[in-house]
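Working notes for the structure below.
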Amino acid sequence: MQLTRAFAYAVSGHFYVIIILFLLRSSLQIKRHTRQHYWFNVSLIVQATYLFLDGTRTLMMNRILPSNEALVNFASLCLAITLNILSYTTLMFVVCKIELPLALKTSGRTGLFWACRSRFLCEGIENRSQSDFLKEIGCQY
């Protein structure tokens, strides 16, 4: 019974990987990429990696796939690292989605300028100088 559950768990994880890859393929077809799209795509890639590793490790732990203890331990380490990366990429996607200042401060003053400026392009202020623009919208640098 345990082997059946482990196999079903692994197969469902690998099935979710396929669904995520279809979603990623669809997302990559968007012509206008923003920072939000970038973090969403990276989150999808890391999520797919995590689910694939988790299903494979489950198969190895239950002796459905041939392995040794060192390989299972290495897979567990990779899962822990992937989970931390997934947390970070998901956080950055959310930060970009709700436009927190953390997403704007990526590469010093110039990155802050372009990130702030891109939010206000539709208001017709794209011809202003960097320092005037930052003062006007209240960005601190």
Side-chain angles (χ1 to χ4, degrees), residues 1-131 133-141:
M1 192 66 168
Q2 277 299 77
L3 291 178
T4 307
R5 286 183 185 173
F7 185 74
Y9 178 82
V11 168
S12 66
H14 290 133
F15 178 73
Y16 293 142
V17 168
I18 293 169
I19 292 173
I20 289 172
L21 291 177
F22 280 126
L23 184 59
L24 179 65
R25 180 177 168 234
S26 176
S27 178
L28 289 174
Q29 292 176 352
I30 296 172
K31 300 289 185 226
R32 188 177 148 264
H33 289 283
T34 62
R35 207 171 283 237
Q36 178 182 334
H37 285 108
Y38 169 78
W39 286 113
F40 178 73
N41 291 340
V42 171
S43 291
L44 287 178
I45 292 167
V46 176
Q47 179 69 41
T49 304
Y50 178 82
L51 289 172
F52 180 78
L53 285 172
D54 186 42
T56 305
R57 183 187 66 123
T58 301
L59 293 175
M60 289 188 302
M61 286 174 54
N62 288 285
R63 307 280 187 237
I64 297 171
L65 284 179
S67 67
N68 57 22
E69 188 176 342
L71 192 57
V72 172
N73 289 338
F74 180 73
S76 297
L77 176 65
C78 289
L79 272 176
I81 292 169
T82 307
L83 186 59
N84 286 315
I85 295 170
L86 179 62
S87 299
Y88 175 76
T89 58
T90 304
L91 171 72
M92 289 307 294
F93 168 70
V94 170
V95 162
C96 289
K97 181 72 177 170
I98 62 175
E99 298 180 354
L100 287 177
L102 174 64
L104 303 176
K105 297 178 182 177
T106 56
S107 61
R109 291 185 200 174
T110 306
L112 176 62
F113 169 67
W114 287 107
C116 289
R117 190 172 182 169
S118 66
R119 285 179 39 204
F120 295 98
L121 280 177
C122 59
E123 295 178 16
I125 57 175
E126 61 272 0
N127 293 326
R128 307 235 173 135
S129 71
Q130 179 176 348
S131 58
F133 176 78
L134 289 174
K135 287 177 189 173
E136 186 172 313
I137 64 170
C139 288
Q140 300 295 321
Y141 61 95

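Note that the structure is predicted; figures quoted are calculated from it, not measured.
The two residues G55 and A10 come nearest to each other via the heavy atoms O-CB, 3.4 Å. Between S27 and N41, the shortest heavy-atom contact is OG-OD1, 2.5 Å. Closest approach of I64 and A6 over heavy atoms only: CD1-CB, 4.4 Å. Here the shortest heavy-atom pairing between V72 and S67 reads CG2-OG, 3.7 Å.
Residue Q29 qualifies as enclosed at atom CD: its count of foreign heavy atoms under 6.0 Å is above 12.
Exactly one of I20, L24, I18 qualifies for a side-chain contact (heavy atoms from CB on, under 4.5 Å) with F22. That residue is I18. Checking each of L51, T49, T56 against L53 for a side-chain contact (heavy atoms from CB on, under 4.5 Å) leaves exactly one that passes, namely T49.
Here CD1 of I85 is found 12.5 Å from CD of Q47. Values are rounded to the nearest 0.5 Å. F93 contributes atom CZ, which lies 8.5 Å from atom NE2 of H37 (distance to the nearest 0.5 angstrom). A distance of 9.0 Å separates CG of L44 from CG of L21, quoted to the nearest 0.5 Å. Here the straight-line distance linking atom CG of L59 with atom OH of Y9 works out to 10.5 Å at 0.5 Å rounding. Taking CG of L28 as the reference point, atom CG of L23 lies at 9.5 Å (rounded to 0.5 Å). To the nearest 0.5 angstrom, R57 atom CZ is 14.0 Å from F52 atom CZ.
The backbone N or O of Y50 lies less than 3.5 Å from no partner atom in the side chain of D54, so there is not a single donor-acceptor pair. At least one donor-acceptor pair closer than 3.5 Å links the side chain of S43 to the backbone N or O of T89.
Side-chain atoms of V42 and M92, non-hydrogen and from C-beta on, never get closer than 4.5 Å to each other.
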